[in-house]
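Each remark here refers to the structure printed beneath this line.
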Amino acid sequence: MPELPEVETVRSGLSRFLPGLEITAVDYNWPKSFPSDPVDVKRFLIGSKVVEVKRRAKVLLIVLNTGYSLVIHLKMTGQLVFRGHYDRFGAGHPTDSLVGELPDHSTRANFTFKDGSQLFFNDQRKFGWIRLISTAELPNVDFIKKFGPEPLEDTFTWQGLRERLRRRANTSIKAALLDQTVLAGIGNIYADESLWGARIHPATTVKSLTDIQIKRLFRALQSVLTLALAKGGSTDRNYVDAEGRKGSYLSFASVFRREGQPCPRCKSIIQKTKVAGRGTHLCPYCQKLQPDK
DNA sequence: CACTTGACCTGTCCGC
DNA sequence: TGCGGACAGGTCAAGT
């Protein structure tokens, strides 16, 4: 579930706490979550300090002062929760934290810092991962190189979206939006919400979209992602921010997880179907399926 | 190459 | 109450 707004919320939280902290211990109990090949990551990390925390698409980058970065993908159920001297950071221990005592049964890795604070990587379903990669090599790493543009950057335009979509002309617009090489950071929640905003049926073939529809989709993507960022992302089950708190976007969602409820625009009943192999929410009146072009 | 499907996992929910 | 199966959704490998 962590998509662009969730990962960005975690990033901004971590960037308040981590820079300057020195790693004194590293533990992990699920090797696939933290592949230690080709280096002994524990030995490699101890003594290094955090410089900054960045994000690209749904990937977090914790840049260290050793020339290496911790590259983290939360996949569906990953969490990164910081526990430490909240008074020093002026945060106060959140009373609305979803997460209890740490580590818990879903903790796959944790990092201890010199001042006693800790960063926990929790991941119920074990799909997420942490890798140690040379910071200078990051731009050349295959999966990072292939990411499409960041939808909230100023340089991204509706014509840019149209150009990126050309590579997936014969698939559904929903599958294209979920393709990280087309556009970075969109997942199931914001794909459904944006397509509702643009009044486009998710199964519409990309090549049959008009320029007007692509413009509407571009604006919908930006407004949906911006609102989601402002609300700290979406918490359906697992997602929490760096302090263990939920995001509240879903109470503003128009269609996602709202099957059986009235469409906010036309009051038709929201339906749930399957498109591109994913659960898909739509309004059958606002989002009529148009014939292929 | 373009596109779709299945696998990776665990926890929850639904029907019998 | 127990149990099997479907489902949840990000990504990649494998298949068409």
Side-chain angles (χ1 to χ4, degrees), chain A residues 1-10 28-35 55-60 71-80 98-100 103-109 121-131 133 141-148 150-151 163-195 202-208 225 228 233-240 246-247 249-250 253 255-260 271-282 292:
Chain A
M1 264 189 300
E3 307 178 29
L4 188 155
E6 290 74 28
V7 180
E8 179 59 24
T9 301
V10 171
Y28 55 94
N29 56 25
W30 185 254
K32 284 187 180 176
S33 298
F34 200 168
R55 178 191 62 79
R56 175 76 171 102
K58 301 173 189 172
V59 172
L60 280 163
V71 180
I72 304 173
H73 201 308
L74 301 174
K75 287 289 181 84
M76 261 131 22
T77 57
Q79 306 172 327
L80 280 170
L98 267 190
V99 183
D104 64 22
H105 66 290
S106 70
T107 301
R108 310 297 171 205
F121 176 57
N122 281 9
D123 186 16
Q124 177 185 101
R125 290 174 69 181
K126 300 179 175 174
F127 289 172
W129 45 257
I130 305 176
R131 288 180 211 160
I133 299 176
V141 173
D142 201 45
F143 74 91
I144 292 178
K145 208 163 49 179
K146 285 185 182 163
F147 282 141
E150 290 285 331
E163 180 58 31
R164 301 299 293 183
L165 286 172
R166 290 170 62 90
R167 60 176 59 205
R168 300 300 303 272
N170 292 310
T171 193
S172 64
I173 183 59
K174 171 135 184 182
L177 286 177
L178 294 174
D179 182 344
Q180 301 300 294
T181 71
V182 169
L183 196 56
I186 307 299
N188 209 37
I189 297 173
Y190 303 115
D192 282 5
E193 290 293 298
S194 300
L195 288 167
T204 309
T205 306
V206 170
K207 67 180 177 216
S208 64
L225 292 173
S234 298
T235 296
D236 183 32
R237 302 185 34 78
N238 281 272
Y239 167 72
V240 294
K246 294 174 157 194
Y249 174 83
L250 282 189
V255 288
F256 190 83
R257 289 290 155 80
R258 292 197 181 274
E259 58 268 33
Q271 294 178 354
K272 184 174 182 187
T273 60
K274 198 165 242 189
V275 176
R278 307 297 165 82
T280 297
H281 310 75
L282 62 92
D292 263 14

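Chain naming here is simple, since letters A, B, ... match the order of the sequence lines and numbering starts at 1 in each.
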Query - Rounded distance (Å) that lies between atom C1' of B/dG11 and atom CG of A/Asp123 - result: 13 Å
Query raised in the report: CD of A/Gln79 versus P of B/dT10: gap in Å, rounded?
Result: 16 Å
Query - d(CD1, A/Ile144; C1', C/dG10) in whole Å - result: 16 Å
Requested in this report: Using the C1' atoms only, state how far C/dG10 lies from B/dC13, rounded to an integer number of Å.
Outcome: 22 Å
Query raised in the report: Could you state the interatomic distance from OH (A/Tyr249) to OG1 (A/Thr9), rounded to the nearest 0.5 Å?
Result: 13.0 Å
Report summary line: Separation of C/dG9 atom C1' from A/Glu6 atom CD, nearest Å, is 12 Å
Query raised in the report: When we call it a touch if two heavy atoms are under 4.0 Å apart, what does A/Tyr239 touch: a base, just sugar-phosphate, or nothing?
Result: nothing
Query raised in the report: Just how far is it from atom CZ of A/Phe127 to atom CE of A/Met76, taken to the nearest 0.5 Å?
Result: 4.5 Å
Query raised in the report: Between C/dC12 and B/dG11, how far is it from one P atom to the other, in whole Å?
Result: 24 Å
Report task. Please round to the nearest 0.5 Å and tell me the distance separating atom CG of A/Leu282 and atom CZ of A/Phe256. Result -> 13.0 Å
Report task. Determine: side-chain N/O of A/Arg257 to OP1/OP2 of C/dG9, distance under 4.0 Å, yes or no. Result -> yes
Query raised in the report: Would you say C/dT11 has OP1 or OP2 under 4.0 Å from some side-chain N or O of A/Lys58?
Result: yes
Requested in this report: Give A/Lys272 one of three labels, base, sugar-phosphate or nothing, depending on what nucleic acid heavy atoms sit under 4.0 Å from its own.
Outcome: sugar-phosphate
Requested in this report: To the nearest 0.5 angstrom, please state how far the CG atom of A/Leu4 sits from the CZ atom of A/Arg56.
Outcome: 10.0 Å
**Report entry** Nearest-Å distance once atom P is located in both C/dA6 and B/dG6
**Finding:** 12 Å
Report summary line: Side-chain atoms of A/Met76 come closest, of C/dG9, C/dT11, B/dC3, to C/dG9
Report summary line: Between CD of A/Glu259 and C1' of B/dC13 the distance, given in whole Å, is 14 Å
Query raised in the report: According to a strict under-4.0 Å criterion, is A/His73 in side-chain N/O contact with OP1 or OP2 of C/dG10?
Result: no
Report summary line: Taken to the nearest 0.5 Å, the spacing of A/Arg168 CZ from A/Leu178 CG works out to 9.5 Å
Query - A/Lys75 vs C/dT11: side-chain N/O to OP1/OP2 distance below 4.0 Å - result: no
Query raised in the report: For the side chain of A/Arg125 and the base of C/dA8, is some donor closer than 3.5 Å to an acceptor across the two?
Result: yes
Query - Rounded distance in Å between the P positions of C/dC7 and B/dT5 - result: 15 Å
Query - Under-4.0 Å side-chain N/O to phosphate OP1/OP2 contact, A/Thr77 with B/dG11 - result: no
Query - Nucleotide paired to B/dC9 in any strand shown, Watson-Crick or G-U, under 3.5 Å - result: none
Query raised in the report: If each of A/Arg278 and A/His105 is mapped to the nucleotide of DNA chain B with the nearest heavy atom, which maps nearer the 5' terminus, i.e. the 5' end?
Result: A/Arg278
Query raised in the report: If you measure from the ring centre of A/Phe127 to the centre of the six-membered ring in the base of C/dT11, is it under 5.5 Å, with the planes under 30° apart?
Result: no
Requested in this report: Quickly work out the A/His281 NE2 to C/dA8 C1' distance and round it to whole Å.
Outcome: 10 Å
Query - A/Arg164 CZ to B/dA2 P, straight-line distance once rounded to whole Å - result: 13 Å
Query - OP1 or OP2 of C/dT11 under 4.0 Å from side-chain N/O of A/Gln180 - result: yes
Query raised in the report: Using the P atom in both, what is the distance from B/dC3 to C/dG9, to the nearest Å?
Result: 23 Å
Query - Below 4.0 Å: OP1/OP2 of B/dA2 and any side-chain N or O of A/Asn170 - result: no
Query raised in the report: Within the pair A/Arg168 and B/dC3, is there a side-chain N or O less than 4.0 Å away from OP1 or OP2?
Result: yes
Query raised in the report: A/Asn188 pairs by side chain to side chain donor-acceptor pair (under 3.5 Å) with which of A/Lys174, A/His281, A/Glu3?
Result: A/Lys174
**Report entry** Sugar-phosphate only, base, or nothing, as touched by A/Arg108 at under 4.0 Å among non-hydrogen atoms
**Finding:** nothing
**Report entry** Under 3.5 Å: donor-acceptor pair, side chain of A/Arg164, backbone of A/Thr181
**Finding:** yes
Query raised in the report: Roughly, in whole Å, what's the span from CG in A/Leu178 to C1' in C/dG9?
Result: 9 Å
Query raised in the report: When you check the phosphate oxygens OP1 and OP2 of B/dC3, does a side-chain N or O of A/Arg167 lie under 4.0 Å from one of them?
Result: no
